[in-house]
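Take a look at the structure below.
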Amino acid sequence: MYDKVCKNCGTYLSDFYRTGMLGCPKCYDAFGKEISDAIKEIQAGDLHVGKVPPFSSEEKELLYRYERLFKEKETAVMEGRFSDVKAISEELIRLKEKLTEMGLL
């Protein structure tokens, strides 16, 4: 049982038991049954749910606006609307400064 190996990266099941680490995402498939209980114990569950930083609604709106303006600027450049590019660029600069001050960029 401990000599089982991941065909993708070459990590052995015994390596997991020794270090608590896997070599690649395919290790989860290769060793799924054997490591399930250990992962549940370590992580309080066996599903990866990820982490989402807690943003306020104002922060989300500012980040969304920055992303939207950036895309608008790209479109304006491609369409040759250079006076719009200048105005959007100036607004992006102000917004970027604010986001940087807030620690979001």
Side-chain angles (χ1 to χ4, degrees):
M1 174 167 118
Y2 292 115
D3 59 347
K4 207 171 179 184
V5 66
C6 174
K7 293 178 183 175
N8 187 61
C9 69
T11 297
Y12 286 88
L13 181 57
S14 59
D15 295 335
F16 170 75
Y17 285 114
R18 186 173 37 80
T19 66
M21 296 173 59
L22 297 171
C24 74
K26 301 242 184 223
C27 287
Y28 290 94
D29 296 327
F31 309 132
K33 293 176 185 172
E34 293 87 354
I35 65 173
S36 180
D37 289 337
I39 290 175
K40 285 178 189 175
E41 188 175 316
I42 293 167
Q43 301 181 162
D46 61 352
L47 293 175
H48 176 71
V49 293
K51 293 182 180 179
V52 176
F55 292 119
S56 71
S57 58
E58 178 192 8
E59 291 170 334
K60 286 179 190 176
E61 179 60 35
L62 289 172
L63 288 167
Y64 173 75
R65 181 179 167 95
Y66 183 79
E67 185 177 310
R68 188 173 42 84
L69 282 171
F70 195 83
K71 289 177 183 176
E72 282 183 32
K73 179 181 172 183
E74 288 178 339
T75 302
V77 168
M78 290 172 45
E79 293 175 354
R81 295 183 287 118
F82 299 109
S83 60
D84 292 342
V85 171
K86 182 179 179 187
I88 294 169
S89 294
E90 290 169 357
E91 192 169 349
L92 275 170
I93 289 169
R94 287 190 298 273
L95 189 53
K96 184 176 181 179
E97 287 172 357
K98 184 171 185 171
L99 289 167
T100 302
E101 286 174 12
M102 296 172 77
L104 299 173
L105 286 183

**Request:** Determine whether Leu105 and Tyr66 make a side-chain contact, defined as any pair of heavy atoms from C-beta on separated by less than 4.5 Å.
**Result:** yes
**Request:** State the CD1-CG distance between Ile88 and Leu95, to the nearest 0.5 angstrom.
**Result:** 12.5 Å
**Prompt:** Does Lys4 reach the main-chain N or O of Ala30 with its side chain, forming a donor-acceptor pair under 3.5 Å?
**Reply:** yes
Under 3.5 Å donor-acceptor pairs involving side-chain atoms of residues 70-79, not counting sequence neighbours:
| residue | atom | partner | partner atom | Å |
| --- | --- | --- | --- | --- |
| Lys71 | NZ | Glu67 | OE2 | 3.4 |
| Glu72 | OE2 | Arg68 | NH1 | 3.1 |
| Lys73 | NZ | Ser89 | OG | 3.2 |
| Thr75 | OG1 | Lys71 | O | 3.1 |
| Glu79 | OE1 | Arg81 | NE | 2.8 |
| Glu79 | OE1 | Arg81 | NH2 | 3.1 |

**Request:** Starting at CE of Met102, measure out to CG of Leu63 and round the result to the nearest 0.5 Å.
**Result:** 8.0 Å
**Item:** Closest non-hydrogen atom pair, Tyr12 against Phe31
**Value:** C-CZ, 3.9 Å
**Message:** Less than 4.5 Å apart, side chain to side chain, heavy atoms only: is that true for Asn8 and Asp29?
**Reply:** no
**Prompt:** How far does CG of Leu62 sit from OG of Ser56, to the nearest 0.5 angstrom?
**Reply:** 8.0 Å
**Prompt:** Under the 3.5 angstrom rule, does the side chain of Thr100 hit a backbone N or O of Lys96 as a donor-acceptor pair?
**Reply:** yes
**Message:** Tell me every residue that passes side-chain contact (heavy atoms from CB on, under 4.5 Å) with Glu97, counting only those two or more places apart in sequence or in another chain.
**Reply:** Ile93
**Message:** I'd like to know if Asp15 pairs up with Arg18 as an ion pair, taking the criterion as any Lys NZ or Arg NE/NH1/NH2 lying under 4.0 Å from an Asp or Glu carboxylate oxygen.
**Reply:** yes
**Item:** Distance-minimising heavy-atom pair for Cys27 and Thr11
**Value:** SG-CB, 4.0 Å
